[in-house]
Amino acid sequence: MDNDNLTNTTEQKAETDPLPASYRRTVKTFVMRIGRMTAAQERSYNELAPAWCIPFENKKINFVDVFGNTNPIIIEIGFGMGDATAALAQANPNINYLGIEVHRPGVGKLLGEIKKRDLKNLYLIEYDALDVLEYMVGDNCINGFHIFFPDPWPKKRHHKRRLVQRPKTDLFAQKLAPGGYLYFVTDIEEYAEFALEQLENTPHLKNKYKGFAEPQSWRAQTKFERKGMAADRKITELFFEKE
């Protein structure tokens, strides 16, 4: 995409953004990486997004209306290309999944998987996850958060952009139902130690384990996990529950 088109796209987003400029976060936990969509991803996006992508708006989601049932709700933040997300949704038809991602090629890829696997329990939102939680998700209603291999922002001056840190973790706790969980996985050991400290200092969240968690056998392996293992990086997990 050339610079003129990028500028136009940015301007169009600002004009159509449902949030006033004063509401927009100045520090983002992600960088908008403009990736080229494959023909299949673009076709899936154009065909399936109207049915399976929930538009962002400053209005609370009625999950019963969306899914047509009262099954547990799991939110995955930053699902990447969505392979593991689709596998989990297929393996657990009695659980409802909401995937949040800003990378459009990944959204297109996962939409294709929704159609291919005929999934009825997975919807997507293409927007900043923290804004989605703050403006679209009610308190005490989410049964779990999956945060698998988020951007570690390794440079110290960028640590403020990390997703798993206070006060952002306070928002997760606020949205979790009693007994709900937050499941975090990373291949960056320093980030795991940082996140452990942040979560242990988050009111209403309690570590299910002493320190790092045991691997959860039901979690599907992600693309980033395979890359981390190939680079001989240790996979570290955290599992906290709302008291």
Any donor-acceptor N/O pair, [X] side chain to [Y] backbone, under 3.5 Å:
X: Asn96; Y: Ile73; value: no
X: Arg166; Y: Asn201; value: yes
X: Glu101; Y: Gly80; value: yes
X: Asp131; Y: Tyr135; value: no
X: Gln165; Y: Lys160; value: yes
X: Lys242; Y: Ala173; value: yes
X: Tyr191; Y: Val164; value: yes
X: Lys223; Y: Met81; value: no

What's the shortest heavy-atom distance between [X] and [Y], and which atoms?
X: Asn143; Y: Pro72; result: OD1-CA, 3.2 Å
X: Leu176; Y: Leu182; result: CD1-N, 4.4 Å
X: Ala192; Y: Thr236; result: CB-CG2, 3.5 Å
X: Gln41; Y: Arg36; result: OE1-O, 4.3 Å
X: Ala220; Y: Ala87; result: CB-CB, 4.0 Å
X: Tyr123; Y: Ala51; result: CE2-O, 3.5 Å

>> Are more than 12 heavy atoms, taken from residues, nucleotides or ligands other than Lys60, located less than 6.0 Å from that residue's NZ atom?
In response: yes
>> Please check if the number of heavy atoms outside Asp232 that lie under 6.0 Å from its CG is greater than 12.
In response: no
Would you compute the distance between atom [atom1] of [X] and atom [atom2] of [Y] and round it to the nearest 0.5 angstrom?
X: Lys156; Y: Glu190; atom1: NZ; atom2: CD; result: 9.5 Å
X: Glu126; Y: His103; atom1: CD; atom2: NE2; result: 10.5 Å
X: Thr222; Y: Asp187; atom1: OG1; atom2: CG; result: 8.5 Å
X: Thr202; Y: Glu197; atom1: OG1; atom2: CD; result: 10.5 Å
X: Ile142; Y: Ile75; atom1: CD1; atom2: CD1; result: 3.5 Å
X: Arg161; Y: Lys168; atom1: CZ; atom2: NZ; result: 9.5 Å

Is [Y] close to [X] at the side-chain level, that is, under 4.5 Å between some pair of heavy atoms?
X: Asp83; Y: Lys109; value: yes
X: Leu122; Y: Thr85; value: yes
X: Glu193; Y: Phe212; value: yes
X: Lys116; Y: Gln90; value: no
X: Leu88; Y: His146; value: yes
X: Ile147; Y: Leu238; value: no
X: Val107; Y: Phe79; value: yes
X: Phe172; Y: Ile77; value: yes

Co-membership, hydrophobic cluster, residues [X] and [Y], 4.5 Å side-chain:
X: Leu98; Y: Val66; value: yes
X: Met229; Y: Ile188; value: yes
X: Phe194; Y: Tyr209; value: yes

> Are Phe184 and Phe145 near enough that their ring centres are under 6.0 Å apart?
Replying inline: no
> Could you go step by step and tell me if Asn71 and Asn121 meet the side chain to side chain contact (heavy atoms under 4.5 Å, CB included) rule?
Replying inline: CA-CA 9 Å; Asn71 291 341; Asn121 60 332; over 6 Å; no
> If we ignore angles and hydrogens, is there a donor and acceptor under 3.5 Å between the side chains of Thr169 and Gln198?
Replying inline: no
> Tyr181 and Gln216: side-chain donor and acceptor closer than 3.5 Å?
Replying inline: no
>> Before you tell me yes or no, could you show the steps for Ile235 and Val185 under side chain to side chain contact (heavy atoms under 4.5 Å, CB included), namely the whole-Å CA-CA distance, both residues' side-chain angles and the distance that decides it to 0.1 Å?
In response: CA-CA 7 Å; Ile235 308 301; Val185 186; 3.7 Å; yes
> Pick from Asn140, Asp139, Leu133: which one makes a side-chain contact (heavy atoms from CB on, under 4.5 Å) with Gln174?
Replying inline: Asp139
> Using 4.0 Å as the upper bound for N to carboxylate O, is an ion pair formed by Glu76 and Arg219?
Replying inline: no
> Relative to each other, are the rings of Phe148 and Tyr183 parallel, tilted or perpendicular (30° and 60° limits)?
Replying inline: perpendicular
> Taking it one step at a time, do Phe239 and Glu214 satisfy side chain to side chain contact (heavy atoms under 4.5 Å, CB included)?
Replying inline: CA-CA 8 Å; Phe239 200 101; Glu214 297 175 2; over 6 Å; no
